[in-house]
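FYI, the numbering just counts along the sequence from 1. What's counted below: heavy atoms across the whole structure, side chains too, no hydrogens, waters or symmetry copies.
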Amino acid sequence: MTDIATFLEVGGPVAALGGGAAYARAKHPAVYWSAVGLPVSTARLLGSYASVMEACGLTVAPSRLRVLAVKATTNREIRPVPPRRGIIRPTTTGLRIRLRLAPGQEPADVAASAERLRHAWGVHAVYVTTVKPGVVELRLVGYDVLRRVRMPRKADSGHLRIPVALREDATPFVRDYRAMPHQLTLGATLSGKSMYLRHLITGLAPRSVALVGIDCKRGVELAPFASRLSALATDPEQAAELLPVLVKEMEDRYDLIKARQGIAPDIPDEEITSDIWGLPERERPTPIVLFVDEVAELFLVATRKDEERRDEMVTQLIRLAQLGRAAGIYLEVCGQRFGAELGKGATMLRAQLTGRVCHRVNDEASAKMALGDIAPEAVMAACAIAPERPGLAVAGDTSGGWSRIRTPYLSLGDAAEICRDSAHLVPDLPALKPFRPHVPVRPIEAPAPQVQPRPITD
């Protein structure tokens, strides 16, 4: 009986502690990482750094001076030298450590061993980035940050820099319109494409920018944000009227830039510009972001008359994609499929869309349409997205780089409320006034009657 009582006294708290750790790891991975994972992984890294580097082939022969010093002072065995390690910097999602590469090493050598380092140090993933020549940074992620997305509190944002998702290495995915003016976003039904669009619109709503929408699904996707939109077309007929106006606006802005380029002898060199961002702030036109939802609806035709209208709209979209950047007009093109089968001009338009975001798609051909021409190895990653993870996507660009991202949940009501609160920021663009969507006035709820308590009397 004494042994049983002792076991219960000792084993009970241990079992409770183990159960609590298992629960935290499953339900609250960030808490588990801070309490358990971080100290354990740090101890593993410090205790096995040299041996792990040697096993991964990341060590080099010591210099002659080091060999002579070791032989003169000790009788130790002369071992290969690993990369010089910097200070370990813990984060809320993992660890960061910088390595100074030895002569003859390159960042690709470390990146090739990332999977081995992950297993050796017991973390979820290891990512390698180049800081400067000869220095790389290892970002160790302690758990799957895409399972339950929580955006960092401090994200690199700006006028046209919108943090919209979280990368798999726990850094924010920022949509930078000045660096990547046009983007193509593909995804099947319920893949999270609409959620991505909500984050873009709500991120741009508080900024000085004009938002224009083309939603040929009768406006069901963009109509909730009508209070912040400068123009909205809900069918191909309205889109055919709106696009020429945007092209004319673009041409007027080029005339403004050209007038500024009337180089007089007294104009300083720094005031000569080729886009609107070089203009003085008081003369600079408001940037315009055009959202095109279900772009395939603009290509589908039923009659010869529709075909002529389609060709005109596609031509105008291509012109906006080719020339709009300097005029401050940016495109966000969304759809389920986008390829040559849509008709003339589809591949030409796609070639102008620098950024690519591919959510879950129904077939491999759709993933190839989005990523095959810029990052072929990302196609299989897009095809492996599970339906149980809406919002998960693969983001790439024309540089060939790609990464997995996931947008956090944002309800339609909260997104519409943000747009209503920013309705006073809709810029005054006379050319777009005929297309300004009608916003019904919200009824004012009558205040509930307040019953006055009866006075207390003697």
Side-chain angles (χ1 to χ4, degrees), residues 151 154-165 172-183 196-215 222-233 242-243 245-257 259-260 270-271 273-293 320-321 323-334 354-355 410 414-439:
M151 294 293 291
K154 295 181 180 180
D156 185 14
S157 61
H159 181 209
L160 289 175
R161 291 176 54 86
I162 313 299
V164 292
F173 174 74
V174 180
R175 176 73 173 93
D176 189 350
Y177 284 92
R178 294 189 62 178
M180 196 178 299
H182 313 305
Q183 182 170 274
Y196 182 86
L197 197 62
R198 288 178 200 171
H199 280 276
L200 278 179
I201 294 175
T202 54
L204 289 168
R207 292 165 168 79
S208 177
V209 59
L211 305 181
V212 178
I214 296 178
D215 182 7
L222 299 180
F225 318 119
S227 56
R228 185 56 182 85
L229 298 180
S230 298
L232 176 62
L242 175 60
L243 287 173
V245 175
L246 291 174
V247 172
K248 181 63 169 58
E249 177 71 17
M250 179 184 68
E251 294 172 348
D252 293 342
R253 295 185 176 197
Y254 270 104
D255 291 339
L256 177 63
I257 297 172
R260 186 70 181 180
E270 60 271 13
E271 294 189 11
T273 180
S274 61
D275 57 28
I276 66 168
W277 302 108
L279 298 174
E281 189 173 354
R282 64 181 182 277
E283 301 178 10
R284 186 184 306 152
T286 303
I288 299 175
V289 179
L290 172 61
F291 295 93
V292 182
D293 190 55
L320 289 173
L323 308 174
R325 183 205 62 82
I329 300 177
Y330 309 103
L331 270 63
E332 286 286 344
V333 179
C334 305
T354 308
L410 177 64
D414 292 341
E417 187 66 26
I418 294 174
C419 291
R420 282 192 292 266
D421 294 340
S422 306
H424 63 284
L425 297 176
V426 176
D428 183 20
L429 296 176
L432 298 179
K433 282 186 177 180
F435 303 94
R436 180 77 188 275
H438 172 68
V439 181

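In this structure, the separation between CG on D215 and CG on D293 is 5.0 Å, given to the nearest 0.5 Å. For the atom pair CD1 of I162 and CG of L200, the computed distance is 7.5 Å after rounding to the nearest 0.5 Å.
Between V289 and the choices L331, L204, I329, the side chain to side chain contact (heavy atoms under 4.5 Å, CB included) rule is met once, by L204. Only one option out of L222, L243, L246, L232 pairs with I214 in a side chain to side chain contact (heavy atoms under 4.5 Å, CB included); it is L243.
Among all heavy-atom pairs drawn from G203 and P206, the shortest one is O-CD, 3.5 Å. When all heavy atoms of G328 and I276 are compared, the pair lying nearest together is CA-CD1, 3.5 Å. Heavy atoms only, all atoms of each residue included: I257 and A326 are closest at CD1-O, 3.7 Å. The minimum heavy-atom distance linking P437 with A226 is given by the pair CG-O, 3.5 Å. When all heavy atoms of P434 and A431 are compared, the closest pair comes out as CD-O, 3.6 Å. Taking each heavy atom of L242 and G213 in turn, the nearest pair found is CD2-O, 4.1 Å.
Listed by first then second residue, pairs satisfying side-chain hydrogen bond (donor to acceptor under 3.5 Å, both in side chains) with a partner in residues 422-433 read D428-K433, not counting sequence neighbours.
Residues passing the ring-ring contact (aromatic ring centres under 6.0 Å, His included) test with F225: none are found, sequence neighbours excluded. Residues that satisfy the side-chain hydrogen bond (donor to acceptor under 3.5 Å, both in side chains) test with D421, not counting sequence neighbours, are absent from this structure. Applying the side-chain hydrogen bond (donor to acceptor under 3.5 Å, both in side chains) rule to E251 yields the partners R319; only residues at least two apart in sequence or on another chain are considered. Take A223 and apply the side chain to side chain contact (heavy atoms under 4.5 Å, CB included) test, not counting sequence neighbours, and it matches no residue. Applying the side-chain hydrogen bond (donor to acceptor under 3.5 Å, both in side chains) test to R207 and every residue at least two apart in sequence or in another chain returns nothing.
With contacts defined as side-chain heavy-atom distances shorter than 4.5 Å, the pair R161/R175 does not qualify. Residues V333 and Q183 form no side-chain contact, since every pair of their non-hydrogen atoms from C-beta on lies 4.5 Å or further apart. Between L320 and L290 the shortest side-chain heavy-atom distance falls below 4.5 Å. Contact check for P285 versus L279: side-chain heavy atoms found under the 4.5 Å cut-off. Annotation: side chain of R436 is in contact with side chain of V426 (closest heavy-atom distance under 4.5 Å).
One finds a salt bridge joining E417 and R420 here, because a Lys/Arg side-chain nitrogen approaches an Asp/Glu carboxylate oxygen to under 4.0 Å.
A side-chain N or O of E332 and one of Y177 form a donor-acceptor pair less than 3.5 Å apart.
Formation of a donor-acceptor pair under 3.5 Å by the R253 side chain with backbone atoms of A327 is found in this model. With hydrogens and angles ignored, the 3.5 Å screen pairs a side-chain donor or acceptor of R198 with a backbone N or O of L410. In terms of modelled atom types and a separation under 3.5 Å, the side chain of H182 and the main chain of Y330 share no donor-acceptor contact. The main-chain N or O of S208 is found under 3.5 Å from a side-chain atom of H159 such that the two form a donor-acceptor pair.
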Test M151 against V164 for side-chain contact (heavy atoms from CB on, under 4.5 Å), laying out the working first. CA-CA 9 Å; M151 294 293 291; V164 292; over 6 Å; no
Output, in order, the C-alpha distance, side-chain angles, deciding distance and verdict of side-chain contact (heavy atoms from CB on, under 4.5 Å) for V209 and I288. CA-CA 6 Å; V209 59; I288 299 175; over 6 Å; no
Verify side-chain contact (heavy atoms from CB on, under 4.5 Å) between V292 and C334, making sure each step is shown before the conclusion. CA-CA 6 Å; V292 182; C334 305; over 6 Å; no
